[in-house]
Trainee: 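Please read through the structure below; I'll follow up with questions.
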Amino acid sequence: MDADACPVKEIIIKIAKQKSIPVIMFADTSHYINDGYSSVITVDRHNDSADYEITAAAAAGDIVVTQDYGLAAMVMAPNITVMNQDGFLYTDENIDMLLESRHNASKIRRSGGKTTNQKKRRYEDDEKFENLLNSIIISQMTSE
């Protein structure tokens, strides 16, 4: 999990504990995480340090949780499931559009423009994430 700004850590831990699934959280040195269950890999504060560590560590059968479209694109591979904290999967069908929207927003900000603020997280977002994560895990367990 890309843990630095992940609002669904507790949901992931709850489900992982129920199903005895290991969790690895990647965070930079400005975040202290100790939930008593997860393994935590701490990286330096350089841009994309956690992304590179996650990319190197991701393996077949893993579920990667990130809100970073660039990281999602880097770890998308056969047998690695990549999902967003808002409860959707990154796929070959949506990743190009997501990367393009990120690029366009970045261009607007660099030129002094403003982009819309991220909407406030709702209970429904957490519920959607939890349902998708459970569904993925069940699917993986039945296909083994």
Side-chain angles (χ1 to χ4, degrees), residues 1-110 115-144:
M1 167 191 341
D2 187 358
D4 284 343
C6 184
V8 293
K9 289 190 265 301
E10 293 82 16
I11 295 170
I12 293 168
I13 298 306
K14 177 183 83 170
I15 293 171
K17 282 181 177 179
Q18 290 170 350
K19 301 186 182 333
S20 299
I21 297 171
V23 173
I24 302 173
M25 294 192 193
F26 294 81
D28 70 35
T29 56
S30 64
H31 296 86
Y32 176 76
I33 300 172
N34 182 2
D35 60 33
Y37 184 81
S38 305
S39 298
V40 178
I41 296 177
T42 305
V43 300
D44 61 40
R45 292 186 64 191
H46 289 90
N47 281 349
D48 303 323
S49 291
D51 296 357
Y52 296 131
E53 290 292 327
I54 294 167
T55 301
D62 286 350
I63 301 169
V64 176
V65 178
T66 183
Q67 65 181 337
D68 183 328
Y69 302 155
L71 172 58
M74 289 192 311
V75 295
M76 284 177 60
N79 299 318
I80 296 177
T81 303
V82 188
M83 65 182 293
N84 184 281
Q85 66 195 23
D86 292 335
F88 70 86
L89 289 175
Y90 294 101
T91 66
D92 291 336
E93 289 74 33
N94 68 15
I95 195 67
D96 288 338
M97 185 239 359
L98 293 167
L99 289 168
E100 183 177 347
S101 70
R102 180 181 82 162
H103 174 72
N104 289 335
S106 179
K107 282 185 355 185
I108 291 168
R109 286 190 300 275
R110 277 195 313 269
T115 56
T116 58
N117 290 336
Q118 188 173 1
K119 62 184 179 194
K120 185 174 168 89
R121 188 153 190 92
R122 301 169 303 151
Y123 171 78
E124 291 82 10
D125 298 322
D126 289 345
E127 194 172 61
K128 185 177 176 185
F129 174 84
E130 186 170 351
N131 290 338
L132 180 60
L133 182 58
N134 270 314
S135 172
I136 291 166
I137 292 169
I138 290 167
S139 174
Q140 287 184 350
M141 292 173 119
T142 58
S143 67
E144 290 178 352

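Both backbone and side-chain heavy atoms feed into the values below; hydrogens, waters and symmetry mates do not.
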Trainee: Restricting to non-hydrogen atoms, name the atom on Met83 and the atom on Leu132 that form the minimum distance, rounded to 0.1 Å.
Mentor: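 Scanning both residues, the minimum pair turns out to be CE-CD2, 3.7 Å.
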Trainee: Kindly write out the residues that satisfy side-chain hydrogen bond (donor to acceptor under 3.5 Å, both in side chains) with Arg121, not counting sequence neighbours, or none if the list is empty.
Mentor: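 side-chain hydrogen bond (donor to acceptor under 3.5 Å, both in side chains) check on Arg121 returns Asp86, Asp126.
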Trainee: Between Asp125 and Lys128, does any NZ, NE, NH1 or NH2 come within less than 4.0 Å of an OD or OE carboxylate oxygen?
Mentor: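 Salt bridge absent between Lys128 and Asp125.
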Trainee: Are Met76 and Ile80 close enough that some pair of their side-chain heavy atoms sits under 4.5 Å apart?
Mentor: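 Counting from C-beta outward, Met76 and Ile80 never come under 4.5 Å.
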Trainee: Which residues pass the side-chain hydrogen bond (donor to acceptor under 3.5 Å, both in side chains) test with Thr42, sequence neighbours left out?
Mentor: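 For Thr42, no residue satisfies side-chain hydrogen bond (donor to acceptor under 3.5 Å, both in side chains) once neighbours in sequence are set aside.
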Trainee: Taking atom CD1 of Ile15 and atom CG of Leu133, what is their separation to the nearest 0.5 Å?
Mentor: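 Separation between the atoms: 4.0 Å.
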Trainee: Quick check for you: to the nearest 0.5 Å, what is the distance between Ile137 atom CD1 and Ile21 atom CD1?
Mentor: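 Reported to 0.5 Å precision, the distance equals 4.0 Å.
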Trainee: Decide yes or no for Lys9 and Val23: does some side-chain heavy atom of the first lie under 4.5 Å from some side-chain heavy atom of the second?
Mentor: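 No, too far: nothing below the 4.5 Å cut-off.
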Trainee: Are side-chain heavy atoms of Met25 and Ile13 found at a separation under 4.5 Å?
Mentor: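 Result yes, sub-4.5 Å side-chain heavy-atom pair found.
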Trainee: Can you check whether Leu98's main-chain N or O pairs, donor with acceptor, with Tyr90's side chain at less than 3.5 Å?
Mentor: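 No: the side chain of Tyr90 does not pair with the backbone of Leu98.
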Trainee: Supply the atom-to-atom distance Glu100 CD to Tyr69 OH, rounded to the nearest 0.5 angstrom.
Mentor: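 If I round to the nearest 0.5 Å, the distance is 12.5 Å.
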Trainee: Heavy-atom distance under 4.5 Å between the side chains of Asn34 and Val40, does that happen here?
Mentor: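 Sidechains of Val40 and Asn34: no contact.
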Trainee: Nearest heavy-atom pair of Gly61 and Gln140: which atoms, and what distance?
Mentor: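 Heavy atoms only, the tightest pair is O-OE1, 3.4 Å.
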Trainee: Would you compute the distance between atom CG of Asn94 and atom CG of Asn84 and round it to the nearest 0.5 angstrom?
Mentor: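 It comes to 9.5 Å.
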Trainee: Output, in order, the C-alpha distance, side-chain angles, deciding distance and verdict of side-chain contact (heavy atoms from CB on, under 4.5 Å) for Asp2 and Asp68.
Mentor: CA-CA 8 Å; Asp2 187 358; Asp68 183 328; 4.1 Å; yes
Trainee: Please report the closest heavy-atom contact between Ala50 and Val43, naming both atoms and the distance.
Mentor: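 That closest heavy-atom pairing would be N-CG2, 3.6 Å.
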Trainee: State, to 0.1 Å, how close Ala27 and Ile33 come at their nearest heavy-atom pair, and which atoms those are.
Mentor: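 Heavy atoms of Ala27 and Ile33 come nearest at CB-CD1, 3.8 Å.
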Trainee: Rounded to the nearest 0.5 Å, how far does CE of Met74 lie from CG of Asp48?
Mentor: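 It comes to 6.5 Å.
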Trainee: Do Phe26 and Leu71 have side chains that approach each other closer than 4.5 Å (heavy atoms only, starting at C-beta)?
Mentor: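 When only atoms from C-beta onward are counted, Leu71 and Phe26 do not touch, as no gap falls below 4.5 Å.
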Trainee: Is there a donor-acceptor pair closer than 3.5 Å between any side-chain N or O of Ser135 and the backbone N or O of Asn131?
Mentor: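 It does not hold such a pair.
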Trainee: With heavy-atom distances below 4.5 Å as the criterion, would you say the side chains of Asp28 and Ser49 are in contact?
Mentor: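 No, their side chains stay 4.5 Å or more apart.
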Trainee: How far does CD1 of Ile41 sit from CD1 of Ile24, to the nearest 0.5 angstrom?
Mentor: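 Nearest 0.5 Å value for the CD1-CD1 distance: 5.0 Å.
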Trainee: Quick one, Val75 and Asp62 - any side-chain contact, counting heavy atoms below 4.5 Å?
Mentor: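 Contact flag for Val75/Asp62 side chains = no.
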Trainee: Considering only heavy atoms from C-beta outward, does the side chain of Phe129 approach that of Ile12 to under 4.5 Å?
Mentor: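 A side-chain contact under 4.5 Å exists here.
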